[in-house]
Amino acid sequence: MAAELAKQYEPAEVEGRIYSEWLEKGYFRAEKREGSKGPYTISMPPPNITGQLHLGHCMYTMQDALIRWRRMQGYDALWLPGTDHAAIATEVKIVEQMAKEGLSKEALGYEKFMERAWAWKETYGGRIVEQLKLLGSSCDWSRERFTMDEGCSKAVKEVFVRLYEKGLIYRGERIINWCVSCGTSISDAEVEHSERDGAFWHIRYPYADGTGHIEIATTRPETLLGDTAVAVHPDDPRYAEAIGRELILPLTGRNIPVIADSYVEMDFGTGAVKITPAHDPNDFEVGARHGLPILNVMTDDGHMNAQAGAAYEGMDRFACRKQLVKDLEALGLLIKVEPMKHSVGECYRCHTVAEPRVSTQWFVRMKPLAEPAIAAVKSGETKFVPARFEKTYMYWMENIKDWCISRQLWWGHRIPAYYCGACGEMAVTREAPEKCAGCGGDMVQDPDSLDTWFSSALWPFSTLGWPDDTEDLKYFYPTNTLCTAYDIIFFWVARMIFSGCEFMGKAPFDTVLITGLIRDELGRKLSKSLGNGADPVEVIQKYGADALRFTLTTGNSPGNDLRFSEEKVSASRNFANKIWNASRFVRMNLDEDEPAPHVPGNLNMEDQWILSRYNTTVREVTANLEKFELGMAVQKLYDFLWDEFCDWYIELAKISLTEPKTRAVLVYVLSGTLKLLHPFMPFITEEIWRALPHEGESIMISDWPVYDEALSFPGAEARMAVFMEAVKGIRNRRAEMNVPPGKKTNVFIRADDTFSDLLFVKLANASAVHWLAGRDYEKDDAVRIVGSGFKIWIPMGELVDPAAEKARLEKELAHIEKQLQGVNAKLSNEGFTGKAPAAVIEGARQNARQLAEKRAALRESLAALGGTV
RNA sequence: GGACGCGUAGCUCAGCUGGUUAGAGCGCUCGCCUCACACGCGAGAGGUCCUCGGUUCGAGUCCGAGCGUGUCCACCA
């Protein structure tokens with residue numbers, strides 16, 4: 001056994017050593033074992049290889065806590081880790097990095113660029129994995145995966161081909177969101193909308209026959225150059241005559257028709273809408289209905305193209321907007337400019353204003369896939385915790401649109417579509433075709449890659465070996481708990497569910513545990529630009545991983561955001577130190593050959609009490625974990641260990657440390673509590689557990705404690721409650737009377753029950769305890785303490801301030817009277833006595849009796865005191 | 001325009017299916033270096049549980065309305 005423990009817990013000395021040992025022993029490895037309780041699986045949300053560990057990742061603590069708990073319960077607990085290639089995010093970073101060296105993608109070429117990207121993956125993907133280890137994550141690293149590794153890539157290809165063959169993937173020309181900065185399409189989910197100050201330009205479109213004009217209003221004047229019609233509502237009387245006439249599109253000289261479409265809102269703007277099918281999703285629909293030409297006026301990088309006309313070609317889209325407004329004004333066609341707030345979409349990666357534009361892309365037909373995914377949640381096959389997020393999910397799924405999955409990026413999974421250079425024939429296949437099946441011409445692969453979420457959607461089964469029918473897949477799928485923040489329900493959770501339903505026939509997990517977001521002290525979202533996120537690595541170095549984990553799990557409930565502050569971590573560190581010192585105390589009083597944890601015989605009141613309280617804690621903490629109430633579980637452990645075990649039991653145990661029985665109880669309760677705490681504070685619990693008598697080689701593979709009816713001692717709990725009340729009463733009185741801690745006092749007690757004098761000597765600074773059987777203390781010169789089932793007198797001479805005592809008694813009396821009044825009012829209410837459960841009524845009666853007793857005693861005390869003041 | 005949170009002690013937040021006197025951490029006041037721990041010990045102060053109605057014998061907890069605040073979704077140009 002280790003020598004005496006240090007006075008303060010030093011996490012930095014402990015954590016690395018213990019983590020390495022766990023790794024070496026292979027404790028994280030999950031396997032199908034005979035006689036286990038079965039599988040318990042969590043797929044780790046794969047962190048992006050772009051990132052460093054941030055506080056958000058530290059919420060993975062919840063997953064680790066669940067895994068550690070289930071592992072101790074005897075499940076084959078698999079926490080499957082990995083990283084995400086994060087197509088667009090990574091590519092943007094690499095391009096940035098290259099720009100600093102004066103390099104560009106194009107200049108480098110595809111092959112070289114990909115080499116560079118893989119090198120990036122090795123460096124930074126590796127870094128974040130190492131950082132996850134610092135947190136204490138007990139993942140099965142032997143199963144670590146990457147969304148672009150061979151297996152995952154095979155799964156992606158398989159899914160693409162199957163969906164294509166089923167007609168659920170198609171290629172077509174649609175309006176998509178385009179990021180001019182990233183140079184790629186992005187999905188609807190990847191566009192963030194925000195309200196911005198903009199303007200509403202009212203513009204005159206003259207009739208071609210020179211008989212007047214129609215006034216339209218727009219927030220994006222530059223798109224005028226791509227207009228191919230103006231639409232009005234068919235029932236709008238203002239424009240009844242206009243329908244079918246021609247207008248001259250200003251600055252272009254083109255003629256465009258006025259068409260009728262009920263998409264137009266009559267009472268918004270001027271009731272006439274310019275239609276730009278190439279640059280607006282609604283206009284695209286209108287255009288399709290009316291067979292309008294589609295005129296794309298912009299380039300990939302957000303400049304105006306030749307179709308915009310020579311005057312504007314090459315201009316940046318926003319510069320063009322300015323110029324165009326100026327030109328309209330010069331022509332007298334600008335009627336007015338109204339300030340207007342409207343929502344602008346931007347790329348979620350680079351925050352450039354996204355451009356809706358028509359483009360040929362690949363899409364997933366979502367409706368048929370959404371149906372089973374909706375059913376899975378409706379039927380309860382998959383549950384959200386907290387349940388309210390089901391609504392978020394349902395709303396999105398029920399209103400889902402086709403998913404644009406192709407990206408004009410290099411870093412990602414190539415689309416398995418091949419085109420014949422000779423005849424244009426397309427083939428979608430698992431293996432690249434040698435030659436065109438039709439004409440024998442050479443085939444070229446589609447240059448686009450897939451949305452990064454396309455591969456993460458398959459994560460719960462691709463990582464287990466799918467499409468091969470592996471043993472892992474059979475055993476660990478479906479997984480159990482998916483734990484993630486609410487901000488990626490659409491991006492990821494929803495897509496995993498429909499993918500699981502489609503390809504596995506089963507939803508990928510039974511529970512989605514939603515965590516909140518971490519915010520800073522001021523409640524702001526953590527962001528790189530604000531630089532307001534503490535670096536978890538530094539926090540861990542300073543306070544320890546256990547303190548950080550504790551901070552993130554305690555007193556927090558699923559789905560709610562959490563404000564992070566260093567003060568909280570410091571408080572958690574203090575708790576770790578408290579555990580450490582309590583254990584140090586226990587440890588230093590043990591014999592060399594102290595037996596392993598067991599419940600001894602000959603238990604006295606306080607032994608029974610702490611065992612009973614421990615037993616209750618076991619039951620409640622386990623129940624909390626089953627309901628995913630991790631915050632509550634941790635809170636209970638904190639309270640139990642600090643308030644009950646340390647503040648009371650250890651103090652009482654000091655009286656009888658020489659008895660093996662007392663030491664056995666200390667060891668039993670402490671090591672059991674450490675087990676309960678282990679999922680949350682893995683390092684310190686392991687370190688201490690090993691220093692105490694124990695069986696087995698690690699706390700992390702020890703058995704989770706179970707509730708034991710034999711350890712339930714309600715009688716001892718009741719007696720102990722009385723004792724604690726008495727001790728607190730004495731302490732309180734001494735404090736208020738300003739009795740110096742060193743001054744011991746005589747204590748006279750009349751009680752229904754008796755306790756060992758030593759208890760009072762030790763905990764209440766008593767010099768001697770006098771038990772008054774069946775009679776009160778007779779002299780008047782004493783301070784009285786009245787409790788439930790006891791009265792205590794402390795001779796006044798030993799105290800100092802009778803006036804203060806009188807004031808205190810009066811205050812307490814008033815308080816008691818108020819309470820008594822309340823209880824009596826309740827008891828005399830027939831509604832209450834008639835309808836409330838018997839136990840509640842009995843409780844109230846008992847309370848009333850006790851209060852009445854206290855009141856009587858207080859009055860007596862006051863009367864007695866009155867004589868002496 | 002929809003949907004969803006939140007509003008409890010000075011600050012940050014717990015409080016499950018309604019049931020005795022509403023809790024914690026930090027901060028504050030008083031006293032203690034008491035032989036595990038000053039990252040500590042003991043004792044305190046501090047709350048109209050946002051407002052108004054309702055259901056109920058009983059509401060911080062359930063319902064309705066309102067106010068404040070935050071988030072997500074949405075094609076009104």
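Reminder, nothing fancy here: chain letters follow the sequence lines and each chain counts from 1.
Qualifying salt bridge (charged side-chain N to carboxylate O under 4.0 Å, His left out) partners for A:Arg289, counting only residues two or more places apart in sequence or in other chains: A:Asp261. With sequence neighbours excluded, the residues forming a salt bridge (charged side-chain N to carboxylate O under 4.0 Å, His left out) with A:Glu842 are A:Arg849, listed by chain and number. Applying the side-chain contact (heavy atoms from CB on, under 4.5 Å) test to A:Lys383 and every residue at least two apart in sequence or in another chain returns nothing. Partners of A:Leu657 by side-chain contact (heavy atoms from CB on, under 4.5 Å), not counting sequence neighbours, listed by chain and number: A:Phe585, A:Asn589, A:Leu666.
The stretch residues 267-285 of chain A participates, sequence neighbours left out, in these salt bridge (Lys or Arg N to Asp or Glu O under 4.0 Å) pairs: A:Asp227-A:Lys274.
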Show which side-chain atoms of residues 559-568 of chain A pair as donor or acceptor with protein atoms under 3.5 Å away, not counting sequence neighbours.
| residue | atom | partner | partner atom | Å |
| --- | --- | --- | --- | --- |
| A:Asn560 | OD1 | A:Arg388 | NH2 | 3.2 |
| A:Asn560 | ND2 | A:Ser557 | OG | 3.1 |
| A:Asp561 | OD1 | A:Tyr486 | OH | 2.9 |
| A:Asp561 | OD1 | A:Leu517 | N | 2.8 |
| A:Asp561 | OD2 | A:Tyr486 | OH | 3.1 |
| A:Asp561 | OD2 | A:Arg519 | NE | 2.6 |
| A:Asp561 | OD2 | A:Arg519 | NH2 | 3.0 |
| A:Arg563 | NH1 | A:Glu521 | O | 3.2 |
| A:Ser565 | OG | A:Lys568 | N | 3.4 |
| A:Glu566 | OE2 | A:Lys542 | NZ | 2.6 |
| A:Glu566 | OE2 | A:Tyr543 | OH | 2.6 |
| A:Lys568 | NZ | A:Arg563 | O | 2.7 |

Can you give each donor-acceptor pair under 3.5 Å made by side-chain atoms of residues 633-640 of chain A, sequence neighbours left out, with the distance rounded to 0.1 Å?
| residue | atom | partner | partner atom | Å |
| --- | --- | --- | --- | --- |
| A:Gln635 | OE1 | A:Thr554 | OG1 | 3.3 |
| A:Lys636 | NZ | A:Asn624 | OD1 | 2.8 |

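Base pairing analysis places B:rG58 opposite nothing; no Watson-Crick or G-U wobble pair with both distances below 3.5 Å involves it. For B:rC39, there is no paired nucleotide, since no Watson-Crick or G-U wobble pair has both relevant distances below 3.5 Å. Summarising the base pairing, B:rA9 is matched to no nucleotide, lacking a Watson-Crick or G-U wobble pair whose two defining distances lie under 3.5 Å. Using N1 to N3 plus N6-O4 or O6-N4 for Watson-Crick, or N1-O2 and O6-N3 for G-U wobble, each under 3.5 Å, B:rA3 pairs with B:rU71.
Regarding contacts with the backbone of B:rC37, a side-chain N or O of A:Arg584 is found under 4.0 angstrom from either OP1 or OP2. OP1 and OP2 of B:rA77 both lie 4.0 Å or more from every side-chain N or O belonging to A:Arg220. For A:Trp642 and B:rA36, the shortest distance from a side-chain N or O to OP1 or OP2 is not below 4.0 Å. Contact annotation: A:Lys401 side-chain N/O to B:rC75 OP1/OP2 distance is under 4.0 Å. Look at A:Lys578 and you'll find a side-chain N or O under 4.0 angstrom from OP1 or OP2 of B:rC41.
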Using atom names, set out every protein N or O paired with an N or O of nucleotides 18-26 of chain B below 3.5 Å, distance rounded to 0.1 Å.
| residue | atom | partner | partner atom | Å |
| --- | --- | --- | --- | --- |
| B:rU20 | O2' | A:Asn847 | ND2 | 2.7 |
| B:rU20 | O2 | A:Asn847 | ND2 | 3.1 |
| B:rU21 | O2 | A:Gln819 | NE2 | 3.3 |

List every contact pair, protein side and nucleotides 3-10 of chain B side both N or O, where the distance is under 3.5 Å.
| residue | atom | partner | partner atom | Å |
| --- | --- | --- | --- | --- |
| B:rC4 | OP1 | A:Lys391 | NZ | 2.4 |

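Atom CZ of A:Arg519 and atom P of B:rC11 are 19 Å apart (whole Å).
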How far apart are the C-alpha atoms of A:Glu190 and A:Phe491, what are their side-chain angles, what is the distance that settles it, and do they pass the side-chain contact (heavy atoms from CB on, under 4.5 Å) test? CA-CA 8 Å; A:Glu190 287 169 312; A:Phe491 280 121; 3.7 Å; yes
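Annotation: B:rA43 and B:rA14 have their C1' atoms spaced 25 Å apart (nearest Å).
In the displayed structure, A:Glu830 atom CD is contacted under 6.0 Å by at most 12 heavy atoms of other residues, nucleotides or ligands.
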